[in-house]
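Take a look at the structure below.
Predicted model, so just to flag it, every value in this text is computed and none were measured.
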Amino acid sequence: MHLKLNLKHLVSNIKIQYYKSPVGKLVIGAYKEKICLCDWLYRKKREVIDSRIKGYLEADFIFSKSEVIDQTIIQLKEYFNKERKTFNIPILLCGSEFQKLVWTKLMNVPYGRTTSYLELSKNIKNINAIRAVANANGANGISIIIPCHRIIGVNGGLTGYSGGLKAKKKLLELEAPFIQTTLF
């Protein structure tokens with residue numbers, strides 16, 4: 001019985017690695033070969049995001065190799081080299097149903113486009129949920145792949161970002177030749 005418990009514990013780990021991107025250090029996590037974390041290592045809510053993911057999966061972090069993490073790093077490098085506009089990595093969303101809805105809609109904001117929290121609220125058919133949408137956006141633990149950096153203020157200004165406004169600006173500048181504010 002003790003052996004089974006240890007074996008179960010080994011299966012329920014979230015494998016993590018660090019990746020130093022051109023705009024900041026990321027922590028990338030995989031659970032059962034799906035990405036559940038790709039987030040800024042030094043963000044303000046690091047512990048909150050990590051606790052939510054660990055609790056959702058009933059798992060703990062371990063530093064370990066993972067094929068899907070290796071593939072994620074390759075695709076991130078391609079993104080930063082302007083060789084990739086979309087990601088095709090299996091992901092696992094760890095959050096409330098509302099958060100998952102918002103994150104899914106974020107994935108519909110294409111490369112080179114931006115939109116606002118207001119438009120995102122309209123897109124989920126709940127115009128009164130602007131604050132909740134902003135909170136869900138800020139709770140996104142799969143940055144860049146789920147492009148929360150593409151959400152700007154209704155006036156076109158940069159708003160808060162988990163990686164910091166400098167990182168957000170750099171990501172938008174990376175896509176700059178194509179940036180357009182749109183309704184999606």
Side-chain angles (χ1 to χ4, degrees), residues 19-29 35-50 52-53 72-73 75-89 91-184:
Y19 167 61
K20 187 176 180 184
S21 84
V23 297
K25 198 169 191 179
L26 295 165
V27 57
I28 303 172
I35 293 298
C36 60
L37 178 66
C38 180
D39 202 13
W40 305 101
L41 183 60
Y42 301 111
R43 74 177 290 173
K44 288 180 184 177
K45 294 184 180 180
R46 175 80 277 128
E47 288 181 28
V48 172
I49 301 298
D50 293 348
R52 184 189 73 231
I53 293 170
T72 300
I73 291 170
Q75 289 190 25
L76 284 166
K77 287 178 180 178
E78 292 170 348
Y79 169 83
F80 285 111
N81 288 328
K82 297 184 181 185
E83 298 166 354
R84 173 173 293 279
K85 294 180 182 178
T86 60
F87 294 89
N88 58 353
I89 298 165
I91 61 172
L92 177 62
L93 301 176
C94 301
S96 70
E97 291 307 311
F98 181 80
Q99 288 171 325
K100 290 178 189 179
L101 173 65
V102 172
W103 299 334
T104 300
K105 295 297 182 181
L106 281 170
M107 289 188 279
N108 294 330
V109 181
Y111 182 96
R113 306 280 175 127
T114 59
T115 194
S116 68
Y117 295 116
L118 175 61
E119 291 304 322
L120 195 53
S121 297
K122 288 178 183 176
N123 194 265
I124 65 166
K125 308 214 182 323
N126 189 346
I127 196 165
N128 296 321
I130 295 171
R131 228 175 254 258
V133 164
N135 287 334
N137 194 58
N140 175 23
I142 306 179
S143 291
I144 302 173
I145 296 166
I146 299 177
C148 52
H149 63 279
R150 295 182 188 146
I151 306 304
I152 59 174
V154 72
N155 64 357
L158 295 185
T159 57
Y161 183 61
S162 61
L165 289 181
K166 278 184 173 181
K168 183 173 188 163
K169 184 178 181 196
K170 286 180 181 179
L171 291 171
L172 292 174
E173 286 172 349
L174 177 76
E175 301 177 11
F178 309 100
I179 286 292
Q180 297 175 18
T181 300
T182 61
L183 311 178
F184 65 101

Requested in this report: Determine, stepwise, if the pair K170 / E173 fulfils salt bridge (Lys or Arg N to Asp or Glu O under 4.0 Å).
Outcome: CA-CA 5 Å; K170 286 180 181 179; E173 286 172 349; over 6 Å; no
**Report entry** side-chain hydrogen bond (donor to acceptor under 3.5 Å, both in side chains) partners of N88, counting only residues at least two apart
**Finding:** Q75
Requested in this report: Give me the one residue out of K168, E175, K169 that meets side-chain hydrogen bond (donor to acceptor under 3.5 Å, both in side chains) with H149.
Outcome: E175
Requested in this report: Could you check if a side-chain atom of T72 sits within less than 4.5 angstrom of a side-chain atom of I145, using non-hydrogen atoms only?
Outcome: yes
Query - Interatomic spacing from CG in L171 to OG in S21 - rounded to 0.5 Å - result: 7.5 Å
Review item, side-chain donor-acceptor pairs of residues 35-43, under 3.5 Å, at least two apart:
from, atom 1, to, atom 2, distance (Å)
D39, OD1, R43, NH1, 3.3
D39, OD1, S143, OG, 3.2
D39, OD2, R43, NH1, 2.8
D39, OD2, R46, NH1, 3.2
D39, OD2, R46, NH2, 3.3
W40, NE1, S143, OG, 3.4
W40, NE1, Y161, OH, 3.2
R43, NH1, N140, O, 3.3
R43, NH2, G138, O, 2.5

Report task. With sequence neighbours left out, write down each residue that passes ring-ring contact (aromatic ring centres under 6.0 Å, His included) with Y79, or none if nothing qualifies. Result -> F87
Query raised in the report: Donor-acceptor pair, W103 side chain versus A136 backbone, under 3.5 Å?
Result: yes
Query raised in the report: Mind checking whether N123 and T115 have side chains closer than 4.5 Å, heavy atoms only?
Result: no
**Report entry** Side-chain heavy atoms of N137 within contact of Y117, under 4.5 Å
**Finding:** yes
Query - Beyond-backbone contact of L174 with V23, side-chain heavy atoms, under 4.5 angstrom - result: no
Query - Interatomic distance, E78 atom CD to T86 atom OG1 [nearest 0.5 angstrom] - result: 10.0 Å
Query raised in the report: How many angstroms lie between OG1 in T104 and CD1 in I146, if you round to the nearest 0.5 Å?
Result: 7.0 Å
Query raised in the report: How many angstroms lie between atom CG of L93 and atom CD1 of I53, to the nearest 0.5 angstrom?
Result: 10.0 Å
Query raised in the report: Are more than 12 heavy atoms from other residues, nucleotides or ligands located less than 6.0 Å from atom NZ of K166?
Result: no
**Report entry** Partners passing side-chain hydrogen bond (donor to acceptor under 3.5 Å, both in side chains) against R52 (at least two apart in sequence or in another chain)
**Finding:** none
Query - Interatomic distance, K105 atom NZ to I124 atom CD1 [nearest 0.5 angstrom] - result: 8.5 Å
Query raised in the report: Is the CD atom of E47 crowded by more than 12 outside heavy atoms at less than 6.0 Å?
Result: no
Query raised in the report: What residues form a side-chain hydrogen bond (donor to acceptor under 3.5 Å, both in side chains) with K25, not counting sequence neighbours?
Result: none
Query - Those residues that, when tested against K122, pass salt bridge (charged side-chain N to carboxylate O under 4.0 Å, His left out) (two or more places apart) - result: E119
Query raised in the report: Taking the side chain as C-beta and beyond, is there a heavy-atom pair between V133 and L118 under 4.5 Å?
Result: no
**Report entry** Euclidean distance, L120 CG relative to R150 CZ, rounded to 0.5 Å
**Finding:** 13.0 Å
